[in-house]
Every structure is written in C-alpha cells, then in structure tokens.
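In what follows, a single structure is set out as structure tokens and then discussed.
All chains are named by letter (A, B, ...) in the order of the sequence lines, taking the proteins before the strands, and each is independently numbered beginning at 1.
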Amino acid sequence: MSESEYNIEYLIEEGFVRKECKKCGSWFWTRDRDRATCGDAPCEAYSFIGAPLFTERSADEIREAFLSFFESKNHTRMRRYPVVARWRDDIYLNIASIANFQPLITSGRVPPPANPLVVSQPCIRLEDLASIGRSGRHLTMFEMMGHHAFNKRGGEEIYWKNETVKYCDEFLKRLGVAEEWITYKEAPWMGGGNAGPCLEVIAGGLELATLVFMDLEAVHHPPRNGLDDMTSIGGQWYRKMEMYIVDTGYGLERFVWASKGTPTVYDAIFPEVIDELLSSIGMEHPMERYRNQLIEIARLSGVMNRREIAKKLRLQLPENFFTAVMEPLDTIYAIADHTRCLAFMLADGIVPSNAKEGYLARLVIRRTFRMLKSLQCDIPVEELVAMHIKLLSGAFPELSESMDRINEILALERERYRETLSRGERIVKQLIKGGKEISVDTLINLYDTHGIPPEFTGEVASRFHVPVEIPEDFYSRVARMHGEERREVAEVDQVVANLRERTRSLPKTQRLYYDEPRSYVFNATVLDYFDKFVVLDRTLFYPEGGGQPADTGVILAGSDELKVVDVKSVDGVIVHEIEPEARLETELKRGMDVRGCINYQRRMAHTRHHSATHIVIWAARKLLGEHVWQAGAQKGELRSRLDITHFKRITDDEKRAIEMLANEMVMRNEDISASFLDRNEAERRYGFRIYQGGVPPGKELRIVRIGADEDVQACAGTHCSKTGEVGPIKILRTERIQDGIERIWYSAGEAAVTEMQARDELIKQAASVLRIPESRLPETVRRFFEEWKQLRKENERLRAEIAGLQLDILKNKAQKIDDIEVIAEVIHDAMKEKELLRIASELSSAGFVTLLLSRTGDRVAVVASVPDEVSQKNVNINAATIVKQVCHVVGGGGGGTAKIAQGGGERIEKMEEGIAAGLQLVNEWVKVFKDRVDKRD
RNA sequence: GGGCUCGUAGAUCAGUGGAAGAUCGUCGCCUUUGCGAGGCGAAGGCCCUGGGUUCAAAUCCCAGCGAGUCCA
C-alpha cells in the first residue's frame, strides 16, 4: 500500500511528523519529534497503567461522550444491532460495528440507514478465548464504538480520511489525552474480503481505536492487463470498490481502562463482579498487598509473556506468587468476562446448542462452569450474569427483559453439563477398570466424542492412581485434527450465473402475482427465450423463493402449449423454465403475445401454507418465548415444515397449545397485508424480527403483516388476505433436527383436512381389526401387547417342556461307538434351533455325543454337542467340525465351539444323509483314537 | 454445515457373527426385638424401528427415529 495513502492534510497541518519505529519498523505519525517507537505494544510498555491518560470515566460516560461528540458532527445515532449476526450467512456473531452494514450496504446495493452515522456496537470475538483473563486486555464481548461514512464513487462525498483523523484527534483531546502521547500508526487493514489503508490510534502504549479507510475488495484473479488498477496485500489482489467507507472502531472498554489505569481492563470494567468472585472464595484482591508489583506485571504484559515476566520479577515476589495469586485471579477475570458475554448472547436470543452460534454459547457456558469448579466457587452462574445485566442496564435496559429465560437456560445447561460429566466419569472408570492406559489419543477421543475435558479425565484417573499426562498443546491438537478434515468448496450455481449473464440487459419483470393474487391467467409479451428458458414482460408465475416452491402451469403461444416446470427470479427478471421436450425456437418469437395459466390449486396450497407458516411461528413465539426464531422453512402442497430455535423439546401439550393458538388466529380472521416499505424504515419500525426467513436484498422490502402487527416479516411469498382463508392448521409432528432447533411439520387448508381424514382412517381401520370402538383403542392395544408378551413367554416355557420330554426318547435311541454313547437323530416335530440347542446341551451334559437335525420352516437346522468327558478323553470329537460336515451335506454352513455348534441348510430331503455323514465322522475319529492308543500300548 | 460416539432388564452398563449377561434396584422366604444388614431364591428383555448380507445378526451393511459430543 503506497505511502501517499497516508498523506493526510490534517496530520500535516497539525505538525505531525512521519517516522519509522525503531523496534518494529512500521511507519507512524506523531507530534513528538523525539519519539523513537510507534508507541504500540510490544514496542512500548503500557505506561498508562498506574498513570491514567485522562480523568476517570465510566463506560456509560465514555459511550455517551463518543455518541454525542459525533452527533455534534452531524452523525445520526443508531441503536445497537444484536450480537447474533442473523443477517449474515458468513459469520455467526457480530464482530464489528461495520458488520451491521455488510454485505448489502457496504457493497452499495442498499443505501445506509443514515449517513454518516455513529453506533456503539456490542461485539463478540471468541478467537482469543484461551488468553482471556491472562492477557489483561482481551475480552470476549466488547463494545466497538464506530462512526461510519459511506461514500459512493462519483457521488457526493460525505467525508473521508481527513475528517476521520481530525474527529479522532479532537475527541481524544477533548477527553484530555495529551497531544504528544497520541500516535497514528500505519497498518494496512484487511478482513472479510475487503481491505484498505488504516491508522491505529495509540496512546500510552494502548491501541485505543482503529481508523479504517475501506476502499478495496478482493478479486479472485491477478491483474490481466495494465488497465486493471489493482493492489496486492499479503498475496491477495484487491481492486477499488464502488463504495469507499470510513470504518472506525473505538474500543469502549479500552478508553475506560485508559482513564482508570488499572492493572487490567477487567478491573476497569466490572470490578463489582471481580470483588464478588474474590470474596466468594475468600481471597483478597492482590491490589491490596502487591499494588506496585501488579502494576509492573501489567505494564510488562504488553511487551512480554508471563514466563518472561515471572523471571524478571522473581526477586520482588513471593515464590509461589504466580501459581497462588495470579492464576486464580486470571480465572476470576475470565469468569467475569465470560458471564458478561453470556448476558448478551442469551439476551439476544442465542439458544445453546451443539451447532452453529448455539455451540459458541455452550462453549462459553461450559468454560465458565469449568473455571468456577476449578476455583471451587459455588456462585451460580446466573447470579454473575444477572450482576452484569444490572451493571449494563443504563445503556442496555433490554437485557433484563430476558432474565427469566436466561435463568432457565443456564439452569438447564448446568444440568446437562453435570450429566455429561457423570457420564464421563463412568466412561473413564470403565476404561481404567479395563486396565487400559490413558494415552493422549484416548484423552483426545474422550474430549472429541464425549465432551470430557482432559483435566476431568485426569482428575478421575488420579483417584485410581492412574497417571494421566495432558500435553500442553492439547486443544491445538484437537483443532489440528479437525483442520485436516476436507473442506468442500462452495459451488457457485452455474445455472444462475449463466442466466444472470443473459438477463442482465432485460427489464425487471412485472410481478402480477403481487398485484393480482387471485388471478390464474394472464396475457404477456415474450421478451426473450434461450435454451429452455422464457422471459416475459409480466407474469403470474411465482418464482421459487422464501421456502415457497415455484408455480407450475402452461404458457400458450398460439395453438402450442408450453409446460412451465420451474420459475426463477434472477435479479428481478423472472425466468420460466419449460419442459425439455419443447422446441422454443419453432414455437416462440420475440415480441409475440402469449397467454399464461398457472396451476391454481397448487398455488393456493402454497399460499395457505405460507400464511400458515407466519401464523405458526407467531403462535410458537407467543407460547414458548421471544428466543424463538425461524431457522429454516419449506412450504409444500400437502405439508410444510418450520424449524425454530428453542432450548427444550416441544412437549405434546405445547404442540397442542401452538396448534390451538394458530387456529384461533385463523378464526379471528385478521387481515394479512403486504406492502413495500423502505428497508431502513422497516428496520426502524419493526426491528430485526422481520428477518425470520433470511435477509432479502434491495432498498425496499415487502413487509407482510398479520392483524395489528401481531406478526411482521419481510417476505416475498404469496399470502392469503385474511387469516381465515388459511383454513384449518394441523400440526402433524415435531422433531429435533439438532440441539436447540425443533422442526414443526404441519398442513393447512385442504391438506390439513386430508391429513386429519387420513389419521381418522388409520384409527378406524385399527379399531375395526380389533372390533372395538375407537375410543378404546389405546387401552385395548396395551392389553393385547401385554397379553402377547405373556403368551410368548408361555410359549417359550412350553417348548422348553416339550424339549425336556424329548430327552428320554432320545436317550433310548443312543448307540455305542466303542465306549462312546452317540445320539444322532432327526427330530420331526419342527423344532427351533434354540430348542435343539437346549436339548443337545442337556444330552451332552448327560454324557452323550449328540447330533440333531430338524425342519424349521423350509430349511434344516443342525445342532451338535460333545460332552466334556469325551473331549477330556482326548478323543478328538469336535462339534463344530461335525456341524460343518453335516451342513455341507444339507446344502448350507455352520459353526460354533468344539463343545456345541449349530448350522443349517436348505435341502430337507438330505437330512438322513446328513445324520449318516455325522456318524461316519465320529466313527473315523474313534478309530484314529483307538489306533493311536493301540500303538502306544 | 462437517465429524465422532451411543441406543441391550426399572437404573448403570458388559457382550464384535454361533445358547441374552453382570451390578444395583424390585419382589418372596429365612436370620434379627427393631433399625442397619446378611443368607437363599424369583420376577423382570420386540437387544430402538425397518430393510439387507448370512446356514445363523444384539453383533456386519443401508435407511430411519432417538440421544450425546467436538469443530467451523
């Protein structure tokens, strides 16, 4: 990035000089001509610790100072966005104030809600999870105060670099930061496919803000010729964007920290929570006794790591200071941080889960449980979250509205974690009992598969005096293992890409399905056709979107009938896909008038189901809580599904209640209205709730409202005009598609009636089989099942008895081969293999070598057994070998142990032959045995 | 979204192709003044469901349902 990017008028006018840092070599701007380093850690220690940069201010004071300062500079103050980035599909959590405006506004497709604007945006970043607490400066949740200006090339510029730096300098000076302290460090910025020059604002060794001038976007190919104006940063090529955007991030917590000069940012932001944790474990804050040392450690921690600090300060501190004081303190900091993060995550509606953003919430929750346990601290996590919510209530009163749900979720999560650990304890015990060593692989497997943390495994193992070694890089090993998994590259939809190319020059299609929701025929003019696709100037055909399938139907061109099989909207141009057999070039002409006709029944079914979806999610949210969000939906003709976030299984009672409430909404016959509204106006009026089915592009949103704004959603689908038209709504079933997400299946209108009739029919048929009234079905079925179980048992017992009776008969049929008694018989009462086994077993206990064959169904069962005494005599008679031989004869196979074996075959007619073969085998063995004995004698 | 586990007696789990098991709990009898406990015995299983492979499946394969867990 060229030097000229940073030649900012204001800096030059103000007498800043550009210097190269003696330590890191980067360029920076300063008023202090003697300054040698950029001022940033690790080039410089945290000098502000113990020596605040300006007078002490609380977070609320800093926030208000910032917002009102920029308001005075004509910025519009914005409400915060949620910490869950529901409007984006590339990230789960809101990581920066600019994230609020990506990608639609930053790409220029949608105008900003205000310009310029200012916001203090709570953000969550979990990348540095491991160093939270220890580093003294990392937070999982922080407020990024940002002022943004969105400039469009060729348009009127709001402001750019000069004003941005000027505002920053003025704001810092107004807070009381000494001029000569402030440095602006040049640090090219890139992220999320964008890049641009950037100035890091540093004072007292602390980076307070980042001023990004975002004007580049990543391209996938290197420059093709000299005309391409491209820049390479870190091996990636970028080109100028259509927009150039002021993207600033001022770390609210860092300002508070700088104003207090406490050893850590945690002590500056939530000392109340830290004190609570300290007192609960009977520890005093080391500030009381080790003030100077803590300040020294904190100052150095920007420059070196813990081990180096420990080495350097060895002489000034008690021997076990780091393990006895610093480590528990680190943990307390981390707990205080995590619970603050949870306050926002849970209040903003994240439901803990094993997937997506829910997993991130559970990760933070479980880390917190683990840390509380390691301190043997018994404060419930809810209490800590509640403390934060109270501390934050000035700026974020909305957090407390969710307190009940947060309590319930956290209590549930604690119970789940307890169960995971007790399950884990059993598994580890089992492993140890099995005499297995606990290897690193085992540790990883236990964690990966069962969620058992290695520390816990070690703890359980140590109780059995089994050594467990946890490698230091344990978690990175786990991460590495997953990193090796192959990643599938998202395939760009080539069909749509091709269509986009072709339709670019065409005007947007007039959408008759919005204007005339009740029509099913229309006249239109052919604008273009190619491959299997037709574009008209106007259409009734609804294109696939918002989980609603496309309409089908026909286009009548003269006497020809073209079947429409699919419809897509490509940037507002609606493309009809015709069945492959049609020959468009012979049947169509550009400019030709055609008549279209949609499958009205199908459309109405979709329309009813679509309105029903809005009603069902409304009902679910009303009954289950405000955390209910749509996590996916698909409408069909016969049934539809809706996925919602919820932290428990939906019970049958809840399912019925939702169904009832939904039908009440139908019976109230409320208006369903759809109208286009300016996007920013819609967001302002209805909030993010409108984005249940994702965030559609465009300056205007189609807003679908039920009743007096009972449910409001941005939705492109077709809808009934009254809830009454939806007809009955029948919830068919619910299933849990992942932890925290419930899928609700339902039918509406005619389909619901059909479903209910089908269910009626099932019940009727079942009842008529049993010849009982339907009302007695459950009771009777239960009784029948019980009786069936009884009879089965009785049957087994009787068969065993019959088998017992066979014993004496069979014993009488024994023949002697030498001095061995052998029974080899075909049993004609069709016996099951299990009973044959029982008889054979009995007979061999009584001293008989036994071979039994029987017919079971259309095949032969073969069982052989050999008594212990016979094997002991060294006569090599093997039951498995006999069975194999006999089964070979009857056309099958078998096996087992030397003492008892079973098998079977298909050739029923060969049963006698099989007996003979078995006997022959025994004869041979006895002969060999006798020969050997004779020889020895 | 991807990966890895698991589903067997009321509970916790063994059982990796060849006769469904253990421990706890339950019930009955005995011992004990009683409690606690001990002794003897018994009951209790659609081995999650449906297909497939095999002479043979709790066990192997496929699909579904249910549960747990890790990662992005």
Next item on the list: Take A:Arg416 and A:Glu419 through the salt bridge (Lys or Arg N to Asp or Glu O under 4.0 Å) test and state the conclusion after the steps.
Entry: CA-CA 5 Å; A:Arg416 286 197 177 123; A:Glu419 272 169 26; over 6 Å; no

Checklist line | Between B:A67 (C1') and A:Asp739 (CG): distance, integer Å | finding: 9 Å

Check: Given B:G66, B:C46, B:C4, which nucleotide is nearest the side-chain atoms of A:Phe785?
Finding: B:C46

Notebook entry, point to check: Which is true for A:Leu836 with a 4.0 Å heavy-atom rule: it touches a base, it touches only sugar-phosphate, or it touches nothing?
Noted result: nothing

Notebook entry, point to check: Is the closest basic N to carboxylate O distance between A:Glu796 and A:Lys793 below 4.0 Å?
Noted result: no

What pairs of donor and acceptor atoms, side-chain ones from residues 737-747 of chain A against any protein atom, are under 3.5 angstrom apart with sequence neighbours left out?
residue  : atom : partner  : partner atom : Å
A:Asp739 : OD1  : A:Arg736 : NH1          : 2.6
A:Asp739 : OD2  : A:Arg362 : NH1          : 2.7
A:Asp739 : OD2  : A:Arg362 : NH2          : 3.0
A:Glu742 : OE1  : A:Ile650 : N            : 3.3
A:Glu742 : OE2  : A:Arg649 : NE           : 2.8
A:Arg743 : NE   : A:Asp643 : OD1          : 2.6
A:Arg743 : NH2  : A:Asp643 : OD2          : 2.9
A:Trp745 : NE1  : A:Glu735 : OE2          : 2.8
A:Tyr746 : OH   : A:Thr613 : OG1          : 2.5
A:Ser747 : OG   : A:Leu638 : O            : 2.7

Next item on the list: Starting at atom NE2 of A:His450, determine the distance to atom P of B:C4, rounded to an integer number of angstrom.
Entry: 14 Å

Next item on the list: Go through the side-chain N and O atoms of A:Gln765 and A:Glu761 and say whether any donor and acceptor fall under 3.5 Å apart.
Entry: yes

Note to self: Can you tell me the base-pairing partner of B:A63? Count Watson-Crick or G-U wobble geometry only, both distances below 3.5 Å, and say none if there is no partner.
What the structure shows: B:U49

Notebook entry, point to check: Between B:G68, B:G44, B:A67, which one does the side chain of A:Lys793 approach most closely?
Noted result: B:G44

Margin query: When the P atoms of B:U26 and B:G36 are compared, how many Å lie between them, rounded to an integer?
Written below: 11 Å

Write down the protein N/O and nucleotide N/O pairs, taken from nucleotides 8-15 of chain B, whose separation is under 3.5 Å; answer none if there are no such pairs.
residue : atom : partner  : partner atom : Å
B:U12   : O3'  : A:Arg426 : NE           : 2.6
B:U12   : O3'  : A:Arg426 : NH2          : 3.1
B:C13   : OP1  : A:Arg426 : NE           : 2.5
B:C13   : OP1  : A:Arg426 : NH2          : 3.0
B:C13   : OP2  : A:Arg426 : NH2          : 3.3

Checklist line | Lys/Arg N to Asp/Glu carboxylate O, A:Arg782 vs A:Glu786, below 4.0 Å | finding: no

Item checked: Electrostatic pair A:Arg783-A:Glu779, nearest N-O below 4.0 angstrom -> no

Next item on the list: Determine the contact category for A:Tyr447: base if any of its heavy atoms lies under 4.0 Å from a base atom, sugar-phosphate if only primed atoms, P, OP1 or OP2 are that close, otherwise nothing.
Entry: sugar-phosphate

Margin query: Would you measure the distance from the P atom in B:A22 across to the matching atom in B:A14 and give it in whole Å?
Written below: 16 Å

Note to self: For a quick check of understanding: with a heavy-atom distance under 4.0 Å over all strands, which category does A:Arg649 fall into, base, sugar-phosphate or nothing?
What the structure shows: sugar-phosphate

Next item on the list: Give a yes-or-no answer on whether the side chains of A:Arg423 and A:His450 include a donor-acceptor pair shorter than 3.5 Å.
Entry: no

Item checked: Spacing of A:Glu357 atom CD relative to B:G1 atom P, expressed in whole Å -> 12 Å

Item checked: Base-pairing assignment for B:U26 (Watson-Crick or G-U wobble, both under 3.5 Å) -> B:A42

Checklist line | A:Asp448 CG to B:G68 C1', straight-line distance once rounded to whole Å | finding: 12 Å

Next item on the list: Take the protein atom CD of A:Glu786 and the nucleotide atom C1' of B:C46, then report the distance between them rounded to whole Å.
Entry: 12 Å

Notebook entry, point to check: Under the 3.5 angstrom rule, does the side chain of A:Gln634 hit a backbone N or O of A:Gly547 as a donor-acceptor pair?
Noted result: yes

Next item on the list: To the nearest Å, give me how far apart CG (A:Asn445) and C1' (B:C70) are.
Entry: 11 Å

Check: Are A:Lys655 and A:Glu659 within salt-bridge range, i.e. N to O under 4.0 Å?
Finding: no

Notebook entry, point to check: Between B:G66, B:G44, B:G68, which nucleotide gets closest to the side-chain atoms of A:Thr449?
Noted result: B:G68

Next item on the list: Would you indicate, yes or no, if B:C65 has its OP1 or OP2 atom less than 4.0 angstrom from a side-chain nitrogen or oxygen of A:Arg733?
Entry: no

Next item on the list: Quickly work out the A:Glu419 CD to B:A67 P distance and round it to whole Å.
Entry: 13 Å

Next item on the list: Report yes if at least one side-chain N or O of A:Lys356 is closer than 4.0 Å to OP1 or OP2 of B:A72; otherwise report no.
Entry: no

Margin query: Nearest to the A:Ala355 side chain among B:G1, B:C46, B:G66, which nucleotide is it?
Written below: B:G1

Item checked: Whole-Å P distance, B:C62 and B:U5 -> 12 Å

Notebook entry, point to check: Do the side chain of A:Asn354 and the base of B:U69 come within less than 3.5 angstrom through a donor-acceptor pair of N or O atoms?
Noted result: yes

Note to self: Taking B:C48 as the reference, what is the distance to B:G15 when you measure between their P atoms (whole Å, please)?
What the structure shows: 15 Å

Just the atom pairs and distances: protein N or O near nucleotides 18-21 of chain B's N or O, under 3.5 Å.
residue : atom : partner  : partner atom : Å
B:G18   : O2'  : A:Gln902 : OE1          : 2.9
B:G18   : O6   : A:Gly894 : O            : 3.3
B:G18   : O6   : A:Gly895 : N            : 3.1
B:G18   : N1   : A:Gly895 : N            : 3.2
B:G18   : N2   : A:Gln902 : O            : 3.3
B:G18   : N3   : A:Gln902 : OE1          : 3.2
B:A19   : N6   : A:Ser841 : OG           : 2.8
B:A19   : N1   : A:Ser841 : OG           : 2.5

Next item on the list: Quickly work out the A:Tyr475 OH to B:U69 P distance and round it to whole Å.
Entry: 15 Å

Check: According to the Watson-Crick and G-U wobble definitions, with both distances under 3.5 Å, which nucleotide is paired to B:A57?
Finding: none

Check: Are A:Arg792 and B:C46 close enough that a side-chain N or O sits under 4.0 Å from OP1 or OP2?
Finding: no

Check: Under a 3.5 Å cut-off for both distances, is B:U69 Watson-Crick or wobble paired, and to whom?
Finding: B:G3

Notebook entry, point to check: With both distances under 3.5 angstrom, what nucleotide forms a Watson-Crick or G-U wobble pair with B:A14?
Noted result: none

Check: Are A:Glu909 and A:Arg907 close enough for a salt bridge, meaning some N to O gap below 4.0 Å?
Finding: yes

Next item on the list: On the 0 to 90° scale, with breaks at 30° and 60°, tag the A:Phe474-A:Tyr447 ring pair as parallel, tilted or perpendicular.
Entry: perpendicular

